[in-house]
Amino acid sequence: MTAEPQEQPLRASPAEVRRVRSRSQMVAALVMLVLGLVALVISIVMYDALVELSSTYRGRRGGLRDAVAPGAVLLSAGAALGGLVWLLAWSYRWERVATGTVLKQQASSYLALPSHEASAVLARLASGDPRTYLPLPVTNKGDVVFGVWLAKADRVAYAGVAGRLGRDWQALPLAMLDGPAYEAISRLNVDHYGARASQTIVNGFVSGLFSD
């Protein structure tokens with residue numbers, strides 16, 4: 001399965017982060033899959049009974065007579081399919097190789113920039129200074145994409161950038177932010193990246209420089 005462009009920097013940094021299965025996600029996906037399969041079998045076996053039951057509907061429910069049995073089959077099949085997709089595609093997480101701390105994606109977006117400016121965006125983020133990397137020209141579609149992930153227990157953040165190269169994406173190495181840089185970026189949310197750094201965020205960065 002093709003990775004999302006935002007995940008390309010993570011995949012390109014195996015020494016820093018790794019993709020692993022989430023046990024809780026796998027259990028939830030398996031429960032959904034099994035329940036969907038059981039419901040599908042029951043709805044098929046009981047199809048004629050459902051048709052007969054729905055034939056007694058009158059009034060407002062009368063319009064549902066022809067939809068009850070097929071609807072039960074379709075909904076059950078959809079639940080089973082959803083559980084399977086969840087299990088195969090969504091039951092994973094990213095974690096730091098050094099500590100095993102789970103990464104939480106804070107933000108990701110396309111940027112309205114040509115692909116050759118990807119390295120400049122990464123350099124801005126790697127500076128750790130919100131006055132340098134904010135604002136970013138966020139957009140719904142573009143040739144540069146960025147993402148930020150937090151390892152909150154380690155007080156470390158990773159910033160990743162990739163640029164479009166033909167039909168593919170070329171990822172740049174992850175930039176790791178800690179200390180004052182982490183304190184500043186951890187105060188952001190996805191909506192902040194398109195605006196200039198607020199004084200609160202700048203104060204968090206500056207005060208961290210002198211905390212020792």
Side-chain angles (χ1 to χ4, degrees), residues 2-20 92-212:
T2 303
E4 291 293 322
Q6 293 88 339
E7 288 192 347
Q8 293 291 353
L10 296 176
R11 292 176 176 272
S13 306
E16 283 289 340
V17 298
R18 61 191 171 201
R19 187 175 184 260
V20 298
Y92 68 87
R93 67 186 184 190
W94 288 94
E95 65 181 24
R96 295 189 71 202
V97 172
T99 62
T101 300
V102 176
L103 301 182
K104 298 293 185 182
Q105 187 177 69
Q106 181 207 60
S108 68
S109 178
Y110 291 96
L111 300 177
L113 294 170
S115 57
H116 67 264
E117 292 193 26
S119 57
V121 174
L122 182 63
R124 288 167 60 185
L125 289 165
S127 73
D129 189 339
R131 294 166 296 185
T132 298
Y133 60 74
L134 295 179
L136 291 172
V138 296
T139 186
N140 293 327
K141 204 70 175 176
D143 290 334
V144 177
V145 67
F146 87 100
V148 175
W149 298 266
L150 305 181
K152 293 184 178 181
D154 300 340
R155 306 191 71 76
V156 165
Y158 289 100
V161 178
R164 192 186 298 275
L165 188 63
R167 299 182 63 181
D168 298 320
W169 290 86
Q170 183 175 27
L172 300 175
L174 286 174
M176 188 176 75
L177 307 177
D178 56 10
Y182 171 81
E183 296 302 327
I185 206 166
S186 66
R187 300 184 182 207
L188 301 178
N189 61 47
V190 65
D191 296 324
H192 288 146
Y193 284 91
R196 294 192 179 278
S198 70
Q199 195 58 47
T200 298
I201 295 168
V202 171
N203 289 344
F205 174 71
V206 174
S207 63
L209 293 174
F210 305 101
S211 60
D212 296 332

Between Leu111 and Val161, is there a side-chain heavy-atom distance shorter than 4.5 Å? no
Gln6 and Val145 have their tightest heavy-atom pair at CG-CG2, 3.4 Å
Other residues, nucleotides, ligands: >12 heavy atoms within 6.0 Å of Asn189 CG: yes
In terms of heavy-atom contacts, Pro14 and Val97 come closest through O-CG2, 3.5 Å
Please give me the minimum heavy-atom distance between Val144 and Ser115, naming the atom from each residue. CG2-CA, 3.7 Å
Straight-line distance of Thr101 OG1 to Arg96 CZ, nearest 0.5 Å: 6.5 Å
Working to the nearest 0.5 Å, report the span between CZ of Arg11 and CG of Leu174. 13.0 Å
Would you indicate whether Arg196, at its atom CZ, is surrounded by more than 12 heavy atoms from other residues, nucleotides or ligands within a distance under 6.0 Å? no
Is any side-chain heavy atom of Glu7 less than 4.5 Å from a side-chain heavy atom of Trp169? no
Using 0.5 Å steps for rounding, measure from the NZ atom of Lys104 to the CD atom of Glu95. 11.5 Å
Minimum heavy-atom distance between Tyr110 and Asn140, given as atom pair plus value: CD1-O, 3.3 Å
Test item: Arg131 and Val202 side chains (from C-beta on) under 4.5 Å apart, heavy atoms: yes
Applying side-chain contact (heavy atoms from CB on, under 4.5 Å) between Tyr133 and each of Val121, Leu122, Leu188, report the one that passes. Leu188
Taking C-beta and beyond as the side chain, do Leu134 and Tyr193 meet within less than 4.5 Å on heavy atoms? yes
So Pro114 and Asp143, do their side chains get closer than 4.5 Å, heavy atoms only? no
Answer yes or no on whether Arg155 is positioned over the face of Tyr182, meaning its NZ or CZ is under 6.0 Å from the six-membered ring centre and within 45° of the axis. no
